[in-house]
Amino acid sequence: MKNIDVCLTPDLLHQYELENKIVVVVDILRATSCMVSGLANGVKEIVPVATLEECKALQETGYLAAAERNGSKAEGFDMGNSPFEYMDEKVQGKKVAVTTTNGTLAISKSLKAKEVLIGAFLNLEAVTNYLKNKEEDIIVLCAGWKGKFNLEDTLFAGALCHQLKSDFQFACDAPLAAEAMYLTARKDMIKYMEDSSHAKRLAKLNVKKDISYCIQESIYDVVPYLSGKALVALTT
Ligand SMILES: O=C(O)[C@H](CS(=O)(=O)O)OP(=O)(O)O
Ligand SMILES: [Mg+2]
């Protein structure tokens, strides 16, 4: 039977073989929620880059540039890292270059995979449907926070493992633990996440509404996937 595994932070990714696998990158707060929202709301393509310099270089060639460090918009860029910015009229039909503290770094470490997909609660069902009949093994890569474990990405990993458990076997205890966390948390996701370090960081930045938005399940049917250097939308 095919396997599904969870890598709890990009710093552990060296333990995983990516070749011939599908990697689902997740950064619930907030990079992958932004990517799903943007592509579902008319953004043409999104180019994720690891550094501010790469993002600036793309801005100079005409991309709208979204850049975030430590939760805030970096100086000199067009957008930060709030999903609401990705739904603004000004980004419709545009190409966006993006760099964030954790999410785009995780994507840049996944490039050896056969396919790289973007997951978020917002497109949970669409990602599930896309993966269900795949023959390849899956790795859910949690972007985490600065190399460390975080709650929100692990909860999504657990949700996806739960959805796929009749088609994929759990490769080790990480999917099992993530699923158990999700099954407890889903009764009241906001409350469960209240104590998370990221919820506290975002509350300080006055963007609490981003959390309530990002934990909504399956409101979009797009699956962003990496085609060359750009994320584009696959509609299920
Ligand atoms: O903008 C975000 O929500 C985070 C900021 S931080 O790393 O938690 O300070 O970035 P992301 O890359 O989306 O995790
Ligand atoms: Mg994050």
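Ligands are counted one by one from 1 in listed order, and the atoms in each one are counted from 1 as well.
Closest approach between the Mg ion (ligand 2) and any N/O/S atom of D27 involves OD1.
Using a 30° and 60° split on the angle between ring planes, F121 and F156 fall in the perpendicular class, above 60°.
Checking T99 against R69 by side-chain atom types alone, a donor-acceptor pair falls below 3.5 Å. Neither side chain, Y182 nor T154, offers a donor N or O lying under 3.5 Å from an acceptor on the other.
To the nearest 0.5 Å, the span separating CD1 on I28 from NE2 on H198 amounts to 11.0 Å.
Below 4.0 Å from some heavy atom of T100 lie the following atoms of ligand 1, by number and element: 11 (P), 12 (O). Of all atoms in ligand 1, numbered sequentially from 1 with element shown, those under 4.0 Å from a heavy atom of D27 are 11 (P), 12 (O), 13 (O), 14 (O).
Ligand 1 lies within reach of G71, whose nearest heavy atom is under 4.0 Å from it.
Polar contact with ligand 1: present for A31 (N/O pair, distance under 3.5 Å). Ligand 1 has a nitrogen or oxygen under 3.5 angstrom from a nitrogen or oxygen of L29. Below 3.5 Å of separation, one finds an N or O of N81 facing an N or O of ligand 1.
In this structure the side chain of L231 reaches within 4.5 angstrom of the side chain of L39, judged on heavy atoms.
Contacts of E68 with ligand 1, taken as heavy-atom pairs under 4.0 Å, involve the side chain alone. When heavy-atom distances to ligand 1 are checked against a 4.0 Å cut-off, R69 has no atom that comes that close, whether in backbone or side chain. The proximity of K146 to ligand 1, defined as any non-hydrogen pair under 4.0 Å, does not occur for either the backbone or the side chain.
At a cut-off of 2.8 Å, L29 coordinates the Mg ion (ligand 2) through an N, O or S atom.
Nearest protein heavy-atom contact of atom 7 (O) of ligand 1 is N102 ND2, 2.9 Å.
Taking the ring axis of F77 as reference, the NZ or CZ atom of K56 stays within 45° of it and closer than 6.0 Å to the ring centre.
For the side chain to side chain contact (heavy atoms under 4.5 Å, CB included) with V23, the qualifying choice from V140, I139, I138 is I139, the only one to do so.
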